[in-house]
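To start, the structure under review is shown below, and the notes come after it.
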Amino acid sequence: MKKTLIKNAKIVNEGTIFEGDIFIEGDTILEIDESISAKDPNTIIIDAEGKYVLPGVIDDQVHFREPGLTHKGNIASESAAAVAGGITTFMEQPNTKPQTTTIPEWENKMAIAAATSHANYGFMFGGTNNNLDEILKVDINRVPGIKLFLGSSTGNMLVNDEEVLKEIFSKVKLRISLHCEDEDTIKANLQEALNTYGEEIPITEHPKIRSAEACYKSSSKAVELAKQTGGRIHVFHLSTGKETELFDNKLPIEQKQITAEVCIHHLWFSDEDYKEKGAFIKWNPAVKTKSDRDQLWEALLDDRIDVIATDHAPHTIEEKSNTYTNCPSGGPLVQHALPAMLQFVHEGKISIEKVVEKMCHNPARLFDIEKRGYIRKGYKADLVIVDTNNPWTVTKDNILASCGWSPFEGVTFKSRISHTIVNGHIAYHNFKVSAERNAQELSFNR
């Protein structure tokens, strides 16, 4: 059985930083101590002197495009980009072709990931206006949660029947993740823009079309329905300051019925960046104002927002070059999410302990993931070694996502991921992804 010893690390875990060693045997952390000696001469030794060791990042929201949209990316290519970004576990969304709204389609994705994924995997089960019977059949120990689109986005999985929502919220015990944007508001805003600009709508209109009002109207309704029905909801990708008022920090995350997530792009960009970045920062929900961004940061730091994720959703450059109404929303982010958050650590905006809490511990707690998300004896050896003083610049040559572009092109990050370890296997080391894979299916303590 393979043995690995990480020496001289600054270990970041459960709100503390301490210097020590980590001994791994097979896929499990066996020992954590101030100093550990290798007893077996075949032990792989990694000297992490001056570097930080974090739990592997758990990304609760990615779109890896397989099956049906593999010209944009697939589970193999995007999970490779993920491990290059320190993400050892992902939860993929159901808006593929066909949609993951039946158990056979969910099983098909699981089989693809078992054969091709570089990172640990789980697949959300999609809800529609008429598949509650199928939702109630899912294995709660294998499915991370349910995903509902309350506003249409890529894949046309809109759930817009309030009675159906009430039924799903009241009957489904799994946490229900939500995309919240009000469809009628967006349609009216889009029609107004078409009346003004015709087919030449400027990209700067995107946050006005997918407006703060559209987001708040939908998310506030979802929160109210959850309170009425006892539904366990997790609102994905908050983008407005006003929405943060819907959430609180009074309970530990495990006890919260209503939780929220923010994505990297809403923490990094603002509407001032559309002029330079154009459609490459076109997401749903839209990147909004600096004031919105500031309020998202405030809610993240005071624990009203529980999780940081990516919403990694690649499209080809050709697709992104279309006119506004024909240009899809979304972009690749898994490779650069952790380096981006560590950039904020350098700037003093957030502590590295808080980054670990929001990107590693909390997703594991929120979704009841078994033996991941922490650096603990007996837990799976999912680890990231980070050199916080080794700058590198994002260029087309080092982008691993299949689409070949990034909204971070040209950015120089101060922190570099030196190793990503997935279940005891060195899956990534200094810009090189291992051809061998050791990913595992997620399991859940429920």
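- Ring to ring, Phe269 and Tyr274 are not that close: their centroids are 6.0 angstrom or more apart.
- Take Glu319 and apply the salt bridge (charged side-chain N to carboxylate O under 4.0 Å, His left out) test, not counting sequence neighbours, and it matches Lys72.
- Side chains of Ser219 and Glu243: a donor on one and an acceptor on the other come within 3.5 Å.
- In plain terms, the two heavy atoms of Val422 and Ala439 that are nearest each other are CG1-CA, 4.3 Å.
- More than 12 heavy atoms of other residues, nucleotides or ligands shown are found within 6.0 angstrom of NZ on Lys354.
- Under the ring-ring contact (aromatic ring centres under 6.0 Å, His included) criterion, His429 pairs with His419, sequence neighbours left out.
- In this structure, His179 has its ring center under 6.0 Å from that of Phe149.
- For Thr101 and Thr128, the side-chain atoms include no donor-acceptor pair closer than 3.5 Å.
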**Prompt:** Phe413 and Phe408: ring pair (Phe, Tyr, Trp, His ring centres under 6.0 Å), yes or no, with the steps?
**Reply:** CA-CA 10 Å; Phe413 291 121; Phe408 288 108; 5.6 Å; yes
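- If you take NZ on Lys147 and CG on Leu174, they are separated by 15.0 Å, rounding to the nearest 0.5 Å.
- Listed by first and then second residue, the salt bridge (charged side-chain N to carboxylate O under 4.0 Å, His left out) pairs that reach into residues 257-283 are Glu272-Lys290, sequence neighbours excluded.
- Side-chain contact annotation: Lys288 with Thr240, donor-acceptor N/O pair under 3.5 Å absent.
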**Asked** Would Asp382 and Arg372 count as a salt bridge (Lys or Arg N to Asp or Glu O under 4.0 Å) if you check the C-alpha gap in whole Å, the side-chain angles of each, and the deciding distance to 0.1 Å?
**Response** CA-CA 7 Å; Asp382 294 341; Arg372 301 189 193 276; 2.8 Å; yes
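- Side-chain contact check for Glu192 and Thr196: no donor-acceptor pair (N or O, by modelled atom type) lies under 3.5 Å.
- Of the charged side-chain nitrogens involved, none lies within less than 4.0 Å of a carboxylate oxygen, so that Glu245 and Arg304 do not count as a salt-bridged pair.
- Applying the side-chain contact (heavy atoms from CB on, under 4.5 Å) test between Thr388 and each of Lys414, Gln343, His346 identifies His346 as the sole match.
- For Glu436, the CD atom counts as loosely surrounded, since its 6.0 Å shell holds 12 or fewer non-hydrogen atoms of other residues, nucleotides or ligands.
- Across every non-hydrogen atom of Val53 and Ala9, the tightest pair is CG2-CB, 3.4 Å.
- If you check the side chains of Ser434 and His425, you find a donor sitting under 3.5 Å from an acceptor.
- Note: His312 and Phe64 meet the aromatic proximity criterion, with ring centroids under 6.0 Å apart.
- Across His118 and Ser79, no two heavy atoms sit closer than the pair N-OG, 3.0 Å.
- For Lys371 and Tyr379, the positive end is not near the middle of the six-membered ring at less than 6.0 Å and at most 45° from its axis.
- Within 6.0 Å of atom CG in Asn389, 12 or fewer heavy atoms from other residues, nucleotides or ligands are found, so the atom counts as exposed in its surroundings.
- Relative to the ring axis of Phe123, Lys109 does not place its NZ or CZ within 45° and under 6.0 Å from the centre.
- When the shell of 6.0 Å around CD of Glu370 is examined, it contains more than 12 heavy atoms from other residues, nucleotides or ligands.
- For His315 (side chain) and Lys320 (main-chain N/O), no donor-acceptor pair under 3.5 Å exists by modelled atom type.
- When all heavy atoms of Ile281 and Ser270 are compared, the closest pair comes out as CD1-O, 4.3 Å.
- To the nearest 0.5 angstrom, Lys380 atom NZ is 12.5 Å from Ile24 atom CD1.
- The minimum heavy-atom distance between Ile146 and Gly127, with the atom names listed, is CG2-N, 4.3 Å.
- For the side-chain contact (heavy atoms from CB on, under 4.5 Å) test, residues two or more places apart in sequence or in another chain that qualify with Lys396 are Ile317, Trp405, Glu409.
- For Thr70, the side-chain hydrogen bond (donor to acceptor under 3.5 Å, both in side chains) test picks out no residue, with sequence neighbours left out.
- Checked against the 6.0 Å centroid criterion, the rings of Phe444 and Phe367 do not qualify as a close aromatic pair.
- Between Pro332 and Ser406, the shortest heavy-atom distance links the atoms CG-CA, 4.2 Å.
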**Request:** Using the salt bridge (Lys or Arg N to Asp or Glu O under 4.0 Å) rule, take Glu205 and Lys208 through it: C-alpha gap first, then chi angles, then the decisive distance, then the call.
**Result:** CA-CA 5 Å; Glu205 293 297 301; Lys208 299 172 190 173; 3.1 Å; yes
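- Under the 3.5 Å distance criterion, with hydrogens and angles disregarded, a donor-acceptor pair is assigned to the side chains of Ser329 and Asn284.
- Put simply, the residue from Ile308, Leu296, Leu238, Asp311 that forms a side-chain contact (heavy atoms from CB on, under 4.5 Å) with His266 is Leu296.
- No side-chain N or O of Gln99 forms a donor-acceptor pair with one of Asn95 less than 3.5 Å apart.
- Within 6.0 Å of CD in Glu353 there are more than 12 heavy atoms belonging to other residues, nucleotides or ligands.
- Among residues two or more places apart in sequence or in another chain, the side-chain contact (heavy atoms from CB on, under 4.5 Å) test is passed with Glu49 by Asn8, Asp47.
- Looking only at distances, no side-chain donor or acceptor of Asp60 sits under 3.5 Å from a matching main-chain atom of Met91.
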